[in-house]
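Read the numbers this way: they start at 1 and go in the same order the structure lists the ligands and their atoms.
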Amino acid sequence: MPTDISTSSPSEPVPFIDLVAQYQTIRDEVKEAVDQVFETQSFVLGEQVEQLEAEIAEYCDARHAIGCASGTDALILSLLGLGIGPGDEVITSPFTFFATAGAIHRIGARPKFVDIDPVTYNLDPQQVEDAIDDNTKAIMPVHIFGQCAEMEPLWRISASKNIPIIEDACQAIGAEYRGRRAGVLGRVGCFSFFPTKNLGGAGDGGIITTDDPELAARLKRLRVHGDVGGYNHVEVGFNSRLDALQAAVLRVKLRHLEDWSEGRRQNARRYGELIRSLNILSSVEVPVTAADHRHVFNQYTLRIRGGMRDAVMEHMRANGAGCAVYYPIPLHMQQCFDYLGYQPADFPESNRAAQEVLSLPIFSELTDEQLSRVANVLAEAVSEATTLQFPTENEQQRRAA
Ligand SMILES: *Cc1c(COP(=O)(O)O)cnc(C)c1O
């Protein structure tokens, strides 16, 4: 147990996320970019979106990038673009944001869950292989928390069974696996510009990356009602366009993305040092960056052992250290997926993760003081929760009295 926990200072609470702190560093650039869009009065798709698409394609080293209205739509359009629909199954993780499986359901296909690796929280490739059958039409790994899934075995499975990989890279822009960026690790990569993602817009937005020119052309028409130009609709699509205002803001922010990701990695290293020095590693597992990976820490997610997660979270929040649980309910346990027929015990690692994970503030503008404060409050919380759970003899006697 920790020996010298400094009591937390009575200073300002540390927020879980602070988008205002980031905005203060780019305010003038953003205002100018937004102003320019207003001057042109060109608000949907257009030059800003084309520029952003070119810049994201270059950033991910992909041949094509297609902007759309959200990360969820990026997943939906990708599934449809690959011709997946009713009767088909898509293998994915139950330990992810709802939209991953929601998108599969929404296009009429069936989400087929397999369990996660307990260290990285990403899909367990062996279980993916075991789950494949004749109805499996895609594998959708989620690069959870900003670290890519273990792709090599998935590539092997994909090649041998001729099943495409759709990356849910919504949390992982800039993450790398063996030197290649998220977005080019499968047939198609899906990104979200939701404000809390590492590259977040001023509202909803998304983008799809691919090296396949035919798929890119199909995605481009699917986002505009299947129109190939001149009101010729070769198939029925959607309205899922990206706004020029979003693109203009995102282009400004993309210039800073590498610095912000580095800031997140540095903060993660600092938490690691602090947590080690506070001697709480017997109760707290820090995130592991697997070999050959570049983690971009959309979340810095601890595992709190011993059934103490909720107590730790409550103590931290009550003592001015923001924290959050991603995700408290695995998707096979969601009421809307009852029809899939899963049992609670089907995915023990996902269940355990849902009960044990706790994410700390990791945004790049955190100060040293804030990082220390969060770590100290965490140590206090762990110490208190341990005492509650394993009372000393003295306390047992006191309570019994
Ligand atoms: C954010 C997110 C999405 C959905 O993105 P939206 O832009 O909110 O629609 C999908 N999958 C994962 C893993 C996400 O984190």
### Summary
among protein heavy atoms, the one nearest atom 7 (O) of ligand 1 is Ser192 OG, 2.6 Å
### Query
If you count the atoms of ligand 1 from 1 in the order shown, which ones are under 4.0 Å from a heavy atom of Gly71?
5 (O), 6 (P), 7 (O), 9 (O)
### Query
What atoms of ligand 1 come closer than 4.0 angstrom to any heavy atom of Val142?
13 (C)
#### Entry: Worked check of salt bridge (charged side-chain N to carboxylate O under 4.0 Å, His left out) between Arg317 and Glu314
CA-CA 5 Å; Arg317 288 183 170 168; Glu314 273 160 37; over 6 Å; no
### Message
Checking the N or O distance criterion of under 3.5 Å, is ligand 1 in contact with Asp204?
### Response
no
### Query
Do the ring planes of His105 and Tyr339 sit parallel (below 30°), tilted (30 to 60°) or perpendicular (above 60°)?
perpendicular
### NZ/NE/NH1/NH2 to OD/OE distance under 4.0 Å, Lys112 and Asp133
yes
### Query
Side chain of Thr209, backbone of Gly183: donor and acceptor closer than 3.5 Å?
yes
### Query
Quick one: which ligand 1 atoms are inside 4.0 Å of a heavy atom on Ala99?
4 (C), 10 (C)
### Summary
Of Leu75, Asp168, Thr72, the residue with the heavy atom nearest atom 13 (C) of ligand 1 is Asp168
### Where ligand 1 meets Thr96 - atom numbers and elements under 4.0 angstrom, heavy-atom basis
13 (C)
### Message
Geometry only, no angles: is Gln171 polar-contacting ligand 1 at N/O separations under 3.5 Å?
### Response
yes
### Task
Just grab all the ring pair (Phe, Tyr, Trp, His ring centres under 6.0 Å) pairs involving residues 166-191, residues at least two apart or on different chains.
Trp155-Tyr177, Tyr177-His293
#### Entry: Ionic contact status for Glu262 with Arg265, cut-off 4.0 Å
yes
### Task
Measure from the side-chain N and O atoms of Ser261 to the backbone N and O of Glu258, and report whether any donor-acceptor pair falls under 3.5 Å.
no
### Query
Of the protein's non-hydrogen atoms, which lies at the shortest distance from atom 10 (C) of ligand 1, and what is that distance?
Cys170 SG, 3.5 Å
### Task
Would you mind checking which non-hydrogen protein atom is closest to atom 2 (C) of ligand 1, with the distance to 0.1 Å?
Lys197 NZ, 2.5 Å
